[in-house]
Colleague: 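Let me begin by handing over the structure; questions about it come next.
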Amino acid sequence: MRALAEGALPTMDLMDNTFDIIIVGGGPAGATAAYQLGLAGVRVLLLDKAAAFPREKPCGGGLTARLLDRFPYVREFLDAGEVSVNPLSRIHLESPDGTRATYQADSTCLHLIRRWEFDAALFRRAESVCTVRTGVMIRRCIVKPDHVELESSTGELFTAPMIIGADSANSVIARHTGLRDEAAHKLYAIDMMEETTYDRLDVKDRESIYIFLTLKEAFGYGYIFPKTEHLNLGYACKLDWYLTKLRGKGAEFHGEWVDQLKAKGDVTGETNPEGYKAFPIPISGPLEKTYTDRVLLAGDAGGFVNAFTAEGIYYAMTSGSLAADAALTAIRSKRYDARSLSGYQVAWQREIGSDLQHSVDIQSRLFNGSDRIDALVRKSKEDPELLRLILGYSMGMSTYEALRNHMVRSTMPKWVWGKMKAAVGLSR
Ligand SMILES: Cc1cc2nc3c(=O)[nH]c(=O)nc-3n(C[C@H](O)[C@H](O)[C@H](O)COP(=O)(O)OP(=O)(O)OC[C@H]3O[C@@H](n4cnc5c(N)ncnc54)[C@H](O)[C@@H]3O)c2cc1C
């Protein structure tokens, strides 16, 4: 609708509650909420600290089929070629002891995109129906009795009757409203990655996704995601491990990881140190409370990430959409108190709550011992149905219950069964 240039002076209407709602953060969560509310005729101001879109966002860029089912307009713009996509249906899964199981699905498991393009496509849609300001970093949020006040890093003030905080893992909104406490180190992972063109770094099999459940000491996994023109590979570990063991040497660790992949014959070429980026991911499931008076949290800001697979885009868009539903009700009824906004928490718990809770359970059990992962991958190699259900669950194509039921029915040796039951939380 209206886009104000970066650095433009605030107009009176920005200062004067002309907007029904302000959304902080124009990633998948914020752009989804803004688009939905704008289409419903709500006056939305969408703020982002990035100077402009497209903007960089370190990410594997794996979109699951359930995302495309939930948001058909995404399927449409992928099909139309607005964003380039590599749809892949084969996965190589490797355990710490080097056992590799390969799964060929009947349909696409992951649609690999670059966030540079994908987020810009979502942002364009939001921009077509609401007012956006880029280059605005919010550094303070105060909830007053009759409005919310936001202050930018340059001292600009923005006010509105309510806000949605979609400002990512380090959310200022979550911290300043008391919804996330400051000491949350153990609740995060760090993903160290690069996205490099194929002329420099290539993979043996561009038709496959590679997942390495290889980290023995702490939560972690590596991945290779071949995109249309870029090779994306990365390694995620717990933030505690990153801070205490790597001590700022993430780039060196990443280089060694690429060397290991080259030694195995999976990757050829050279890493691009300039392309190295590390970014936090919340891995403890959604915050206990994702709303307060006049405020809702969506996406990484609210902890909406699958703690087992680090899938976050689907959950960001879904929580953004559910936050938009709740905001629309509040704006129409002019009831912005926490009690009136609590329907948001009920809605996300119903749609994605148990899924996210299972992911936390599996992560805490599976990433506690490499022998558990070895047992699981070895058994999956012999049992194609188990492999299908593990990877299907990871990619959002089959349910946790189907995986559990198969494991209950299967006649595996007692010791393997014990480890696997512990890994997926069957023995509490
Ligand atoms: C390396 C890595 C790999 C990943 N791989 C995958 C994957 O393959 N598939 C998947 O589904 N998920 C993946 N994820 C998770 C996924 O990237 C996130 O869950 C998802 O981006 C969350 O979307 P969001 O809109 O909440 O936040 P973001 O995408 O981070 O967007 C937040 C926006 O808010 C803006 N912002 C932040 N702070 C402020 C502020 N103070 N003021 C104004 N604006 C602000 C930022 O500029 C940004 O544009 C990965 C994450 C990482 C780190």
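Counting convention: from 1, in listed order, for ligands and their atoms alike.
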Colleague: Determine the interplanar angle of the Tyr73 and Tyr35 rings, folded into 0 to 90°, and report it as parallel if under 30°, tilted if 30 to 60°, perpendicular if over 60°.
Modeller: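 Answer is perpendicular, since the angle exceeds 60°.
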Colleague: Checking Arg388 against Tyr103: charged group under 6.0 Å from the ring centre and within 45 degrees of the axis?
Modeller: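 Judged by the rule (NZ or CZ under 6.0 Å from the ring centre, within 45° of its axis), Arg388 is not positioned above Tyr103.
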Colleague: Tell me, yes or no, whether the heavy-atom count around Glu385 atom CD, taken from other residues, nucleotides or ligands under 6.0 Å, exceeds 12.
Modeller: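 For Glu385, atom CD is crowded (more than 12 foreign heavy atoms under 6.0 Å).
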Colleague: Anything with a heavy atom under 4.0 Å from ligand 1 counts, so go ahead and list those protein residues by chain and number.
Modeller: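 Within 4.0 Å of ligand 1, protein side: Val24, Gly25, Gly26, Gly27, Pro28, Ala29, Asp48, Lys49, Phe53, Arg55, Lys57, Pro58, Cys59, Gly60, Gly61, Gly62, Arg115, Val136, Met137, Ile138, Ala166, Asp167, Ser168, Val172, Asp191, Met193, Tyr223, Phe225, Phe279, Ile281, Gly299, Asp300, Val305, Ala310, Glu311, Gly312, Ile313, Ala316.
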Colleague: Check whether NZ of the Lys or CZ of the Arg Lys238 lies under 6.0 Å from the centre of the six-membered ring of Tyr188 and within 45 degrees of that ring's axis.
Modeller: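 Judged by the rule, Lys238 and Tyr188 form no cation-pi pair.
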Colleague: Within 45 degrees of the axis of the six-membered ring of Tyr198 and under 6.0 Å from its centre: does Arg206 put its NZ or CZ there?
Modeller: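 Judged by the rule, Arg206 and Tyr198 form a cation-pi pair.
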Colleague: Find out whether Leu46 and Phe123 are in side-chain contact, i.e. whether some heavy atom of one side chain is under 4.5 Å from a heavy atom of the other.
Modeller: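 Side chain of Leu46 against side chain of Phe123, heavy atoms only: contact under 4.5 Å found.
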